[in-house]
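Have a look at the structure below before the remarks.
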Amino acid sequence: MADISDGLTRADEQHLTRPIPKSAGAQMRFLVKRLKTTRAVAALLGISQRTVERYVADQIRRPKPALAARLETEVRRRWQPLVRKRARDRAATRTGLVIETRARFGFTAAPGTSDDGRMRRITQHLPPEYAGRLFAAQEAGAAEATLQGIAAEGLQELYFKDQGTRAPGLLVEFTDIDYVEFDF
């Protein structure tokens with residue numbers, strides 16, 4: 001099951017202008033350049049400082065799968081931060097974002113009525129104010145439940161209430177976030 005934080009991160013990666021380094025040595029060199037010391041990279045990845053130095057010198061070429069996954073994750077997280085910031089700022093101030101989700105939607109009503117919750121797949125443009133709130137919460141380290149609450153509020157307001165003109169009392173329970181995309 002994908003979550004909103006992962007969707008926002010994947011949407012960030014769509015705006016990158018260059019691919020991340022491919023080899024383990026190039027990835028290690030990038031992290032050393034960003035974090036300034038091999039000791040910091042070693043602590044980040046949970047390996048010894050000497051192992052980092054050997055990757056930097058291309059004495060080791062193929063990391064174990066677990067290390068390769070951690071290494072790629074940390075490089076992706078730090079790759080092209082200005083490009084990411086520019087795309088997020090644009091989405092948070094001008095364009096908004098598009099979210100596609102499969103969630104359980106329903107109104108507060110007696111069980112068995114037509115307002116009882118059911119699964120729906122919805123693709124909806126969220127305006128910049130919701131995009132900005134999502135990005136700010138993610139950067140502050142908010143829990144997934146907080147991000148889901150912000151997205152649910154946006155979907156409730158825009159999709160179900162037509163910006164406040166329809167019935168209140170909507171319940172939203174996310175089961176899967178398929179994708180989040182910045183709208184340009």
Side-chain angles (χ1 to χ4, degrees), residues 1-20 31 34-35 44 69-184:
M1 177 172 100
D3 57 14
I4 293 175
S5 184
D6 289 342
L8 291 172
T9 302
R10 283 192 310 268
D12 271 350
E13 292 175 1
Q14 292 175 355
H15 296 92
L16 299 179
T17 58
R18 294 179 302 166
I20 67 166
L31 285 178
R34 284 278 178 209
L35 299 177
L44 177 71
R70 285 194 313 267
L71 182 60
E72 184 173 347
T73 299
E74 294 303 329
V75 169
R76 280 189 187 282
R77 183 176 296 152
R78 290 167 175 78
W79 189 248
Q80 292 191 319
L82 295 178
V83 172
R84 290 174 190 258
K85 182 179 180 341
R86 206 171 21 247
R88 283 179 172 237
D89 287 347
R90 189 175 331 129
T93 58
R94 289 185 275 166
T95 61
L97 53 88
V98 174
I99 185 169
E100 179 178 313
T101 183
R102 187 180 62 221
R104 179 172 299 284
F105 292 95
F107 292 89
T108 51
T113 65
S114 63
D115 288 338
D116 201 16
R118 64 183 186 269
M119 295 299 291
R120 295 185 189 183
R121 178 171 297 281
I122 294 176
T123 302
Q124 179 67 45
H125 174 266
L126 293 181
E129 67 239 24
Y130 289 105
R133 287 177 56 198
L134 280 169
F135 294 139
Q138 185 188 32
E139 288 170 11
E144 182 63 22
T146 304
L147 296 174
Q148 286 182 356
I150 294 168
E153 183 182 326
L155 288 174
Q156 175 184 13
E157 191 67 28
L158 296 164
Y159 186 82
F160 289 99
K161 291 185 179 179
D162 286 339
Q163 299 183 7
T165 61
R166 289 203 198 155
L170 177 70
L171 302 175
V172 180
E173 176 186 316
F174 286 96
T175 57
D176 194 13
I177 299 294
D178 290 329
Y179 75 85
V180 176
E181 173 182 296
F182 296 176
D183 190 23
F184 290 103

query: Step by step, would you call Thr123 with Ile99 a side chain to side chain contact (heavy atoms under 4.5 Å, CB included)?
result: CA-CA 6 Å; Thr123 302; Ile99 185 169; over 6 Å; no
- prompt: Given Glu74 and Arg78, is the salt bridge (charged side-chain N to carboxylate O under 4.0 Å, His left out) satisfied, shown in steps?
  reply: CA-CA 6 Å; Glu74 294 303 329; Arg78 290 167 175 78; 2.5 Å; yes
task: Please step through side chain to side chain contact (heavy atoms under 4.5 Å, CB included) for the pair Thr17 and Gln80, ending with a clear verdict.
output: CA-CA 8 Å; Thr17 58; Gln80 292 191 319; 2.7 Å; yes
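Between Ser5 and Glu144, the side chains place no donor N or O within less than 3.5 Å of an acceptor N or O (distance only, hydrogens not considered).
You'll find the side chain of Arg86 stays beyond 4.5 Å of the side chain of Pro81, heavy atoms only. Leu35 has its side chain within reach of Leu44: a pair of non-hydrogen atoms, C-beta onward, lies under 4.5 Å apart. Using a 4.5 Å cut-off on side-chain heavy atoms (C-beta onward), Pro128 and Leu97 make no contact.
Of all non-hydrogen atoms in Gly96 and His125, the two that sit nearest each other are CA-NE2, 4.0 Å. Of all heavy-atom pairs between Ile20 and Val75, the closest is CB-CG1, 4.2 Å. Scanning both residues, Ala131 and Ala91, for their nearest heavy atoms gives CB-O, 3.7 Å. Pairing each heavy atom of Tyr130 with each of Ile150, the nearest pair is CD2-O, 4.0 Å. The heavy-atom pair separating Ala137 from Leu147 by the smallest distance is CB-CD2, 3.7 Å.
Ion pairing between Arg10 and Glu13 fails under the 4.0 Å rule for side-chain N and carboxylate O. A salt bridge is defined here as a Lys NZ or Arg NE, NH1 or NH2 lying under 4.0 Å from an Asp or Glu carboxylate O, and Glu72 with Arg76 meets this definition. A salt bridge between Glu129 and Arg133 is absent, with no side-chain N of the basic residue lying under 4.0 Å from a carboxylate O of the acidic one.
Separating the OG1 atom in Thr9 from the CD1 atom in Ile4 is a distance of 11.5 Å, to the nearest 0.5 Å. Between Glu139 atom CD and Leu8 atom CG the span is 10.0 Å, to the nearest 0.5 Å. Separating the CZ atom in Arg88 from the CG atom in Leu134 is a distance of 9.5 Å, to the nearest 0.5 Å.
A donor-acceptor distance shorter than 3.5 angstrom exists from the side chain of Trp79 to the backbone of Arg18, with no hydrogens or angles considered. Thr93 places a side-chain N or O within 3.5 Å of a backbone atom of Asp89 that can act as its donor or acceptor partner.
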